[in-house]
Asks: 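Structure incoming, see below.
Numbers for residues simply follow the sequence, beginning at 1.
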Amino acid sequence: MFLVILLITLSLYLYQKWIYTYWKRRGVPQLNPSFPFGDVADTFKQRKSYANRLAELHHQSASDSHRFVGIYTLFQPILLVTDVELVRRMLTVDFEHFTDRGAHVNEKRDPLSGHLFSLAGAKWRWMLQKLAPAFTSAKVKSMFPTMMTCGRTLSAVVGDHLGRALPIRALMTRFTMDVIASVGFGLDCNSMRNPDEPFHKMGSKFFSKSWKTSVRMLLAFVAPKVNRFLQLKLNDDDVEEYMLNLVRDTIAKREHGGEVRNDFIQLLVQLRNQVEVEDGGSWEINKVEPNKALTVQEIAAQSFVFLNAGYETTSSTITFCLFELCRNRDLLGKLQEEIDEVVDGGREASYEAITEMTYLEACVEETLRKYPISPVLFRVCTKPYRIPDTDFVIEKGTLVQISLVGLNRDPRYYEAPLKFDPDRYGERKAETMVHYSFGDGPRGCIGLRMGKVMVKMALVELLSNYDFEMESPTGENELDPSLLMLQPKHDVILIPKFM
């Protein structure tokens, strides 16, 4: 028995020794991995978020003048890229080598995982071609009145808390959920006033703070090979069943019940019936095609990622922006002056007015720089790639990661990177800055316009009607160590007052 234990122990030691020298054998600088978590032990022990740990590794590598460095998550070798020019090339010019994200997809066992964000290869290209027309400026503009209905409710709810402490992030998650329910699923979900509303409960369950949720998300994106071996699903069965039933019912109402709404799922049902989706086109379903272009499961997956991509990211961006503005009162005043010029006399802000507010745009961009909505960009090398100016070739199948928290807070690219400074975008346009919060290239986020409009509309609604003070002004916002996305560890408490 002792001999068996000794052999197993020796085998494990030799295996991890061999795995953890992968980058050294390839001639790539690596850090100091340790069994069994590699370079991210604090993440799996929930002491530090993956985003922050990767940012630490980014800064450590950059300080040693490495353009890229080899790291390990569990037994998975990952190439961490820290040079902004190399990042730009990988995402755009040399995109053909990095077309996939390498994330978990199992359309049979886990149908909600088969969405645009995670799909690979030809299926991703086909789905992108189908969905891109649904996110044009004209389509987002046509959904704006529906968003504004939720914005007015948000303003009214805040008005009910005048002079009292208001946990702003909790409210923003319900606001975002209501907007997504309305423009995404055609539902009148009023979770801002009724937090127990079923759609809110099911949707937010995916982002619940728990060890189970953290491990599932990490394995799906950080160690997909381990996830495939374990056959883990990203979603609980009750969430999956709820979403599939909701989509089936909605499709039936749109295809056979004559219901028409200017929302995302209407566009998906049009695509399902091979109705051409175009700017300025009708929202009607003028034919019910027997040979469907999209299955119920495919529509459910795209609808689910619409919820996932908008819920946490939008609510957190609004929260972080208000947090920074309230502890920089001069910046808050400057933004309120711009908003007042547009909504002077109590007029409701239009889509055009909101999108033309330059300082509001700068505040949102600076929030996204400091708190990127996708703190890590994931790619997998789909064909061998020689890194420019080196002899090193990235092998096909290699996972590549980019720390946006590290890149966006890198002093090589931003002076005083922790300072919240919207004026960074005054003299230089945002697109010329080191800024990949929505990704870049063909796999950039197609929901960029809609996400930013939701954030801006909420900020305009709130700051045109109320002033806000922070209950307890603090330093930097402590981030939750248990989540992959950036989220405050503790809610931001604001006190709303009339202007």
Asks: Run the side-chain contact (heavy atoms from CB on, under 4.5 Å) test on L187 and L246 for me, step by step, so that the C-alpha distance in whole Å, both residues' side-chain angles and the decisive distance to 0.1 Å come before the verdict.
Replies: CA-CA 10 Å; L187 296 177; L246 174 61; 3.9 Å; yes
Asks: Hey, does L494 have a side-chain heavy atom less than 4.5 Å from the side chain of C326?
Replies: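 In short, these two side chains touch, coming nearer than 4.5 Å.
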Asks: Is it the case that the side chains of Q297 and E107 hold a donor-acceptor pair, with the cut-off being a distance below 3.5 Å and no angle test?
Replies: no
Asks: Working to the nearest 0.5 angstrom, can you tell me the gap between S464 OG and L335 CG?
Replies: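 Between atom OG of S464 and atom CG of L335 there are 10.5 Å.
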Asks: Under 3.5 Å, side chain of D236 to main-chain N/O of D238, donor-acceptor pair present?
Replies: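 Such a contact is absent between D236 side chain and D238 backbone.
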Asks: Locate the shortest heavy-atom distance separating G186 from R254; write the atom from each residue and the value.
Replies: CA-NH2, 3.7 Å
Asks: Do you know the tightest heavy-atom contact between V405 and A55?
Replies: CG1-CB, 3.8 Å
Asks: If we only count heavy atoms from C-beta on, is the F420 to T367 side-chain gap below 4.5 Å?
Replies: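 Yes. Closest side-chain heavy atoms under 4.5 Å.
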Asks: So, the side chain of S155 versus the backbone of L462: is there a donor-acceptor pair under 3.5 Å, distance only?
Replies: no
Asks: Which residues satisfy the salt bridge (Lys or Arg N to Asp or Glu O under 4.0 Å) test with K130, sequence neighbours excluded?
Replies: none
Asks: CG of L171 to OG1 of T173: how many Å apart, nearest 0.5 Å?
Replies: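 Taking CG in L171 and OG1 in T173, the distance rounds to 7.5 Å.
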Asks: Do side-chain atoms of Q302 reach the backbone of L116 as a donor and acceptor pair under 3.5 angstrom?
Replies: yes
Asks: Any side-chain heavy atom of T317 sitting closer than 4.5 Å to one from Y371?
Replies: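 Sidechains of Y371 and T317: no contact.
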Asks: Can you check whether K497's main-chain N or O pairs, donor with acceptor, with D467's side chain at less than 3.5 Å?
Replies: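 Not confirmed, D467 side chain does not pair with K497 backbone.
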Asks: Any chance you could measure E324, atom CD, to L332, atom CG, to the nearest 0.5 Å?
Replies: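 One finds 12.0 Å between CD of E324 and CG of L332.
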Asks: Do R424 and E415 meet the salt-bridge criterion of a basic N to acidic O distance under 4.0 Å?
Replies: no
Asks: For V179, does its backbone N or O pair with a side-chain atom of S182 as donor and acceptor, under 3.5 Å?
Replies: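 Flag not set: sc S182 to bb V179 has no pair under 3.5 Å.
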Asks: How long is the gap from CG on L368 to SG on C363, to the nearest 0.5 Å?
Replies: 11.0 Å
Asks: In terms of heavy-atom contacts, does CD of E259 have more than 12 from other residues, nucleotides or ligands at under 6.0 Å?
Replies: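 Enclosed.
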Asks: Give the intermediate values and the outcome of side-chain contact (heavy atoms from CB on, under 4.5 Å) for residues E461 and N465.
Replies: CA-CA 7 Å; E461 270 296 295; N465 292 298; 4.2 Å; yes
Asks: With E356, which residues qualify under side chain to side chain donor-acceptor pair (under 3.5 Å), at least two apart?
Replies: none
Asks: Regarding S191 and D178, do their side chains bring together a donor and an acceptor under 3.5 Å, going by distance alone?
Replies: yes
Asks: I'd like to know if the side chain of N262 pairs up with that of S142 as donor and acceptor (distance under 3.5 Å, no hydrogens or angles considered).
Replies: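 Not at all, the side chains of N262 and S142 share no donor-acceptor pair under 3.5 Å.
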Asks: Are the side chain of R101 and the backbone N or O of S118 linked by a donor-acceptor pair below 3.5 Å?
Replies: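 Side chain of R101 to backbone of S118: no pair is present.
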Asks: May I ask you to check if R369 and Y414 form a cation-pi contact, with NZ or CZ under 6.0 angstrom from the six-membered ring centre and within 45° of the axis?
Replies: yes
Asks: Taking the six-membered ring of F95, is NZ or CZ of R443 closer than 6.0 Å to its centre and within 45° of its axis?
Replies: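 No cation-pi geometry.
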Asks: Find out whether L463 and L322 are in side-chain contact, i.e. whether some heavy atom of one side chain is under 4.5 Å from a heavy atom of the other.
Replies: yes
Asks: Tell me every residue that passes side chain to side chain donor-acceptor pair (under 3.5 Å) with N328, counting only those two or more places apart in sequence or in another chain.
Replies: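 Side chain to side chain donor-acceptor pair (under 3.5 Å) check on N328 returns nothing, list empty.
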Asks: Within the structure provided, determine whether K452 and T355 are in side-chain contact (heavy-atom separation under 4.5 Å).
Replies: no
Asks: Of the non-hydrogen atoms in L268 and S303, which two are nearest, and what is the gap between them?
Replies: CD1-OG, 3.5 Å
Asks: Please determine, by modelled atom types, if T153 and R193 share a side-chain donor-acceptor pair under 3.5 angstrom.
Replies: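 No, no side-chain donor-acceptor contact under 3.5 Å.
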Asks: For F468 and Y466, take the angle between the two ring planes, folded into 0 to 90°, and tell me which bin it lands in: parallel under 30, tilted 30 to 60, perpendicular over 60.
Replies: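 Perpendicular.
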Asks: With side chains defined as the heavy atoms from C-beta onward, is the minimum distance between K201 and Y242 less than 4.5 Å?
Replies: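 Not in contact.
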Asks: Give a yes or no on whether the backbone of E338 and the side-chain of Y359 come within a donor-acceptor separation of less than 3.5 Å.
Replies: no
Asks: Between E366 (side chain only) and D421 (backbone N and O only), is there a donor and an acceptor less than 3.5 Å apart?
Replies: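 Here the side-chain-to-backbone pair exists.
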Asks: How would you list all residue pairs meeting ring pair (Phe, Tyr, Trp, His ring centres under 6.0 Å) that involve residues 153-187, not counting sequence neighbours?
Replies: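 Matches after skipping sequence neighbours: F185-F199.
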Asks: Might you point out which heavy atoms bring V296 and R272 nearest each other, and give the distance in Å?
Replies: N-NH1, 3.8 Å
Asks: For residues Q401 and L54, report the shortest heavy-atom separation together with the two atoms involved.
Replies: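 Closest heavy-atom pair between Q401 and L54: OE1-CD2, 3.6 Å.
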Asks: If you count the non-hydrogen atoms of other residues, nucleotides and ligands that lie under 6.0 Å from CD in Q129, is the total more than 12?
Replies: no
Asks: Can you confirm whether I339 sits close enough to L459 that some side-chain heavy atom of one is under 4.5 Å from a side-chain heavy atom of the other?
Replies: no
Asks: Once you round to the nearest 0.5 Å, how far does SG of C189 lie from NE2 of H200?
Replies: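 It comes to 7.5 Å.
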Asks: Between D110 and N106 (side chain of the first, backbone of the second, donor and acceptor by atom type, cut-off under 3.5 Å), is there such a pair?
Replies: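 No; judged by distance alone, with no hydrogens or angles, the pair does not exist.
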Asks: Looking at residues at least two apart in the chain, or sitting in another chain, which of them share a salt bridge (Lys or Arg N to Asp or Glu O under 4.0 Å) with R409?
Replies: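 Listed in chain order: nothing, the list is empty.
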Asks: For E337, give me all partners under salt bridge (Lys or Arg N to Asp or Glu O under 4.0 Å), at least two apart in sequence or on another chain.
Replies: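 E337 satisfies salt bridge (Lys or Arg N to Asp or Glu O under 4.0 Å) with no residue once adjacent residues are dropped.
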Asks: So, are E469 and R329 salt-bridged, with charged N and O less than 4.0 Å apart?
Replies: no
Asks: Return the CD to CD1 distance between E361 and I354, rounded to the nearest 0.5 Å.
Replies: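 Rounded to the nearest 0.5 Å, the CD-CD1 separation comes out at 12.5 Å.
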Asks: Applying side-chain contact (heavy atoms from CB on, under 4.5 Å) between M90 and each of L377, D440, V81, report the one that passes.
Replies: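 That would be V81; it is the only one of L377, D440, V81 passing the side-chain contact (heavy atoms from CB on, under 4.5 Å) with M90.
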Asks: If only atom types and distance count, is the side chain of S315 paired as donor or acceptor with the main-chain N or O of E312 below 3.5 Å?
Replies: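 Yes; at least one donor-acceptor contact below 3.5 Å.
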Asks: Which atom names give the shortest non-hydrogen contact between R125 and T99, and what distance separates them?
Replies: NH2-CG2, 3.5 Å
Asks: What verdict does the side-chain contact (heavy atoms from CB on, under 4.5 Å) test give for F323 and I168, after you've listed the backbone C-alpha separation in whole Å, the side-chain angles of each residue and the deciding distance to 0.1 Å?
Replies: CA-CA 9 Å; F323 168 81; I168 202 69; over 6 Å; no
Asks: Walk me through it: do V84 and Y436 pass the test side-chain contact (heavy atoms from CB on, under 4.5 Å)?
Replies: CA-CA 10 Å; V84 68; Y436 298 113; 4.1 Å; yes
Asks: Look at the rings of F135 and F264 and say which category their plane angle falls in: under 30° parallel, 30 to 60° tilted, over 60° perpendicular.
Replies: tilted
Asks: Counting C-beta onward and ignoring hydrogens, is there a side-chain heavy-atom pair between M454 and M457 closer than 4.5 Å?
Replies: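 No - every pair of side-chain heavy atoms lies 4.5 Å or more apart.
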